[in-house]
Amino acid sequence: AMLFYNANFVQKSRLDPLLCGMGVWDARGTEGTYFFYSTAPADLKGDFRGMTFELRREGDVLRGEIPGPYRAGQADTIREPFELIPKSDGAADLRVQGQTNSLKNGRWSDWIKLRFTLGTFGSRVDVVTRVLFRNHADGRTTLYVSPLNFDPASPLYAISHPKTYATELAEHVGGGCFHTRGMPYDTQALSDGVISDEDFRAQWSTLMDEDEQMLAHELSRFDAGMLFSYFEGPDIIQHMFWRGIDAEHPLHKPDDAIAQCYQRCDAILGRARAAMGTEGTVVVLSDHGFAPFRRAVHINAILRDAGYLAIKGGASQSGELFESVDWGKTRAYAVGFNAVYLNRAGREAQGVVAASDTAEMTSRIAALLEGFVDPDTRERAIKMAYAASASAENASVSPDLIVGYARGYRASWETALGAVPSKTVEPNTRKWSGDHCIDPDEVPGIFLSSDAKLDAKTLIDVTGAIGHHMR
């Protein structure tokens, strides 16, 4: 059995049963679009990555609409009306689609099931979500609606193999439901300030409960073969709360979230080993470690300052997706977290770098990046720039350099989206404060085995080592 395997929507699989994990989007076709409602219009102003709406007061009732799913190229017009009715004890009732859900102030709701009808032929889309209602001391009322997950009891697409496996798992999880979104944690909402650290940790605890309950179900019937269960909780808690253990981070405030996460994972491992008894081998595997993310590096700004990237009209900045880049004068660019590409003739649509010049230019840009010094800290921001190699079928999309950042540094979000800011490095002031997209030597993973004869020195060795051990 494979729980939360790194796959999206499956039709056929040799892995049976299998539950898909990372790669499964929400019901709106995104990694996770949240909805935030408030009675105060000022709450709705800002750079939000979710959708914000006013809670309309009509007498003693607050009203709003939940956006439903939509298909790319079609109008985003499906809305489901709801009523929020505050109660004298500070709680509230949420009425939607004929059901009444009791909400406690500042507490996550249970899973709420909704049904939407999509398209001309009326495709039924069953979703689940959890909401967070809050009465504020200043008189405001807010409602947070988490991204819409496909209902595991009746998913629109196959999120497991066989398709009925997701439904089976739901029957063995408390509440009869579980998260199906591949990246289920509401990190954007935390970064945007619409949920608090405490709200996020409460969500984390609930999702960890669901993960462990599914593992316990499979362990109860496991007698041979391989059982794989992925827990995203340790990864996400370190992304969001590294600032709690890093005194040098701009948002540092002491916090024990990471320590509590490891204690919980240790307890889960103990219960799993007890369920296995003396039979079988238990492996704990992580493909990477973690490091602080204090400083954000704008790779495209470094390339601009060195003359490798040009902006139209001689400007110094460009928006996302290379909005104002002058490709006729640009020889290299960065997009994603670790990739630098040459603007190759014959590969890029407006490429200018001849094949005969690529080796020398790659070497020169690698030296430029490895020698770059943060103008504020006077530290090297990049430990190593690795020349990339690719098979023939991947050469058209492979980067020419892989950037290995030094500890404390990482690519900026602007770099990932192909923007060119004015500065080359800036402080990371987001709650996303830990990361692993840096030089691999700085963030080694772990391979722990209950059988000393089973070992793997690198990630590439893992599959072969486990396969050999099982034979």
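None of the values given here were measured: they were computed from a predicted structure.
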Original post:
For the ring pair F293 and H239, is the centre-to-centre distance below 6.0 Å?
Top reply: no

Subject >> Aromatic ring pairing Y341/Y333, orientation class (parallel under 30°, perpendicular over 60°, tilted between) >> reply: parallel

Original post:
How are the rings of F200 and Y185 set to each other: parallel, tilted or perpendicular (split at 30° and 60°)?
Top reply: tilted

**OP:** Determine the interplanar angle of the Y37 and F53 rings, folded into 0 to 90°, and report it as parallel if under 30°, tilted if 30 to 60°, perpendicular if over 60°.
**Re:** parallel

Original post:
For R271, does the CZ atom sit with more than 12 other heavy atoms under 6.0 Å from it, leaving out its own atoms?
Top reply: yes

Original post:
Under a 4.0 Å N-O cut-off, is there an ion pair linking D255 with R201?
Top reply: yes

**OP:** Test Y308 against every option in I302, V353, N300, L368 by the side chain to side chain contact (heavy atoms under 4.5 Å, CB included) rule and name the one that passes.
**Re:** L368

**OP:** Nearest 0.5 Å please: distance from the CE atom of M361 over to the CG atom of L401.
**Re:** 11.5 Å

Original post:
Does the distance from a Lys or Arg side-chain N to an Asp or Glu carboxylate O, for D138 and R140, drop under 4.0 Å?
Top reply: yes

Original post:
Does the S146 side chain pair with the main chain of T129, one donor and one acceptor, at a distance under 3.5 Å?
Top reply: no

Subject >> Minimum side-chain heavy-atom gap W25-T30 below 4.5 Å >> reply: no

Original post:
Would you say the side-chain atoms of Y409 and D374 include a donor-acceptor pair closer than 3.5 Å?
Top reply: yes

**OP:** Using a strict cut-off of less than 4.0 Å between a Lys/Arg side-chain nitrogen and an Asp/Glu carboxylate oxygen, indicate whether R295 and E379 qualify as a salt bridge.
**Re:** no

**OP:** Report the distance from atom CZ of R243 to atom CG of N428, rounding to the nearest 0.5 Å.
**Re:** 10.5 Å

**OP:** Enter the distance from L459:CG to L285:CG here, rounded to the nearest 0.5 Å.
**Re:** 6.5 Å

Original post:
Are D192 and Y34 linked by a side-chain donor-acceptor pair shorter than 3.5 Å?
Top reply: yes

Subject >> Ion pair check, R344 and D400, cut-off under 4.0 Å >> reply: yes

Original post:
Is atom CD1 of I446 surrounded by more than 12 heavy atoms (other residues, nucleotides or ligands) closer than 6.0 Å?
Top reply: yes

Original post:
If you measure only the distance, is there a donor-acceptor pair under 3.5 Å linking the side chains of W111 and E210?
Top reply: yes

Original post:
When rounded to the nearest 0.5 angstrom, what distance separates CZ in R181 from CE in M183?
Top reply: 8.5 Å

Original post:
Any side-chain donor paired with an acceptor under 3.5 Å for T281 and H469?
Top reply: yes

**OP:** Please confirm whether the backbone N or O of D186 pairs with a side-chain atom of Q203, one donor and one acceptor, at under 3.5 Å?
**Re:** yes

Subject >> Heavy-atom side-chain proximity of D211 to H179 below 4.5 angstrom >> reply: yes

Original post:
Can you tell if the side chain of L84 reaches within under 4.5 Å of the side chain of L103, non-hydrogen atoms only?
Top reply: yes

Subject >> No-hydrogen, no-angle side-chain donor-acceptor test under 3.5 Å, S196 and D199 >> reply: yes

Subject >> Interatomic spacing from CZ in F231 to CG in L3 - rounded to 0.5 Å >> reply: 8.0 Å

Original post:
If you round to the nearest 0.5 Å, how far is CG of D435 from OH of Y405?
Top reply: 10.5 Å

